[in-house]
Amino acid sequence: MKIEKSKSLFSRAKNFIPGGVNSPVRAFKAVGGDPIFFKSAKGSKMVDEDGNSYIDMINSWGPMILGHANEMVEEAVIQAIQHSPSFGAPGEREVLIAELICEMVPSIDRVRMVNSGTEATMSAIRVARGYTGRDKFIKFEGCYHGHGDSFLIAAGSGAMTMGTPDSPGVTSGTAQDTLLAPFNDLEAVQKIVEENKGEVAAIIIEPVAGNMGCVLPKAGFLEGLRALCDAEGIVLIFDEVMTGFRLAKGGAQERLGVIPDMTTLGKIIGGGLPVGAYGGKKEIMDFVSPEGPVYQAGTLSGNPVAMAAGYTMLKYLFDHPETYGKLESNTKKIVAGYKESCEVLGLNYTINQIGSMYSMFFTDKEVFDLNTAKHADTQLFGKYFNLMLNRGIYLAPSQFETLFVSSVLSDQDIEDIIRANDDSLRDIIAS
Ligand code: HOZ
């Protein structure tokens, strides 16, 4: 495969952009090789600067639920932009999307738009602290909630593969208010709460973790957190930046039947444009300025173009719930194909899947938290990633990221993915 233009762009980029990329995971450091630079994408496929075409299994890390360059979203963006990309003042589209989000997400009575998932989680923690009058919060090892200072402690995703799960620049004062627990370990959380009685403002969690690979909550775990938060006056926050509107129209909370007090949302509600939001119960959100005393602001928050894109995609999902059946059946077919290959080839890799999210871990052990995810052979994954890339399948460039399936995969795409996986596993065995 020819990737000369990508290589040349990368070497130019490195002169002006730290590491040549605008987000670390994209640098391919965890898998070896140079990043591919993309020119366009449509439906299930992306085309790079050298003209190679790939079936996209990341979908912009979640938002492209309906595939790339969806015509309805495109049209809405064009219409909005013709009336100015930013007012810095309120507009009708903000009201429409707020009404829709409150209708779709069970935990949200009031919602505030921001510009990214990072902003959403930072703001949600501030509100939880303001509401409870407490300073500390609990996060889970391997969960990633964006790059806000308090979250870069045992963070998953790029922070983990770049070797900086505890980033320089995060002060010890900040770090001391972040308490850590292993995912799926309710007893550990209960112990931390007991040791910090009356001091914990919030528990924040990805209800289905996607930033240490796809890791599912065990039966009773989220329910246990809910009960603990109720008993101790702690605000339960679900970070649904990746699961919101993807696992069900009301996100993981609807699908798994556990309703948090607050929810953070991200890229998905912008249909691919830079957006985030946080919301929750009225009595908590009433603490947000200008209604209440907790300050949070943003010039571009709720900008008309992002609102138009997001609203159009969410409204489609709301009006077409059958999309979730399609997402699930696409993903199940892929996973069934993987499992069949593994069985035939005598491999016992662990595959975690829920809805349209899945990961194949290069380990034969069950993966249910960060420690067990780390059993995966990352070198082998790097090899596999590049073999798949050469066969035209664009995977997340890290073992510790989930894959996202879109609704527009054709039967041929699914067949191609399964065949590429089978051939790549055979190559690995042969080598
Ligand atoms: N794990 C990140 C998405 N939640 C990867 C994307 C990025 O950091 O650029």
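As the structure is a computational prediction, the values presented were derived from the model and not from experiment.
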Residues pairing under ring pair (Phe, Tyr, Trp, His ring centres under 6.0 Å) where one sits in residues 81-124, two or more places apart or in two chains, turn out to be none
query = Taking everything shown except His68 itself, do over 12 heavy atoms lie less than 6.0 Å from its NE2?
reply = yes
Regarding Asn421 and Tyr384, do their side chains bring together a donor and an acceptor under 3.5 Å, going by distance alone?
yes
We want to know whether Glu401 and Ser398 form a side-chain donor-acceptor pair, criterion being a heavy-atom distance below 3.5 angstrom.
no
Check your understanding: Would you call Asp413 and Lys45 a salt bridge, taking side-chain N to carboxylate O under 4.0 Å as the test?
Key -> yes
Sorted by chain and number, sequence neighbours left out, side chain to side chain donor-acceptor pair (under 3.5 Å) with Gln296 holds for Arg112, Tyr278
Scan side-chain atoms only and decide if Glu74 and Asn70 contain a donor-acceptor pair under the 3.5 Å cut-off.
no
Counting only heavy atoms from other residues, nucleotides and ligands, does the tally under 6.0 Å from CG of Asp411 exceed 12? no
For residues 82-111, the salt bridge (charged side-chain N to carboxylate O under 4.0 Å, His left out) pairs (sequence neighbours left out) are none
With sequence neighbours left out, the residues meeting ring pair (Phe, Tyr, Trp, His ring centres under 6.0 Å) with Tyr324 are none
The salt bridge (charged side-chain N to carboxylate O under 4.0 Å, His left out) partners of Asp286 (sequence neighbours excluded) come to Lys282
- Task: Indicate yes or no for a side-chain donor-acceptor contact from Arg246 to the backbone of Gly251 under 3.5 Å, with no hydrogens or angles considered.
- Result: no
Residues 91-134 vs ring pair (Phe, Tyr, Trp, His ring centres under 6.0 Å), sequence neighbours excluded, gives Tyr131-Phe287
Next item on the list: For Tyr349 and Tyr338, test the side chains for any donor-to-acceptor distance below 3.5 angstrom and give the result as yes or no.
Entry: no
Between Asn386 (side chain) and Gly382 (backbone), is there a donor-acceptor pair under 3.5 Å? yes
Between Lys191 and Glu187, does any side-chain N to carboxylate O distance fall below 4.0 Å?
no
Step through the shown structure and confirm whether more than 12 heavy atoms of other residues, nucleotides or ligands are within 6.0 Å of CD on Glu340. no
For residues 130-155, the salt bridge (charged side-chain N to carboxylate O under 4.0 Å, His left out) pairs (sequence neighbours left out) are Lys136-Glu199
Ring pair (Phe, Tyr, Trp, His ring centres under 6.0 Å) pairs touching residues 192-241, sequence neighbours excluded, are Phe140-Phe221, Phe183-Phe221
Residues at least two apart in sequence or cross-chain that pass side chain to side chain donor-acceptor pair (under 3.5 Å) with Asn184, listed by chain then number, are none
With sequence neighbours left out, the residues meeting ring pair (Phe, Tyr, Trp, His ring centres under 6.0 Å) with Tyr54 are Phe38
Applying side chain to side chain donor-acceptor pair (under 3.5 Å) to Thr263 and not counting sequence neighbours gives Ser107, Gln253
Using distance only, find each side-chain donor-acceptor pair of residues 224-231 under 3.5 Å and give its atom names and separation, not counting sequence neighbours.
residue: Arg226; atom: NE; partner: Asp230; partner atom: OD1; Å: 3.4
residue: Arg226; atom: NH1; partner: Ile259; partner atom: O; Å: 2.9
residue: Arg226; atom: NH1; partner: Asp261; partner atom: OD1; Å: 3.2
residue: Arg226; atom: NH2; partner: Asp230; partner atom: OD1; Å: 2.7
residue: Arg226; atom: NH2; partner: Asp261; partner atom: OD1; Å: 3.3
residue: Arg226; atom: NH2; partner: Asp261; partner atom: OD2; Å: 3.0

Using distance alone, with no hydrogens and no angle criterion, decide if Thr264 and Asp239 have a side-chain donor and acceptor under 3.5 Å apart.
yes
Practice item. Would you please say whether a donor-acceptor pair under 3.5 Å links the side chains of Asp369 and Thr372? Key: yes
Original post:
Do other residues, nucleotides or ligands put more than 12 heavy atoms under 6.0 Å from the NZ atom of Lys5?
Top reply: no
Looking only at heavy atoms, the pair that brings Ala69 and Ala41 closest together is CB-O, 3.6 Å
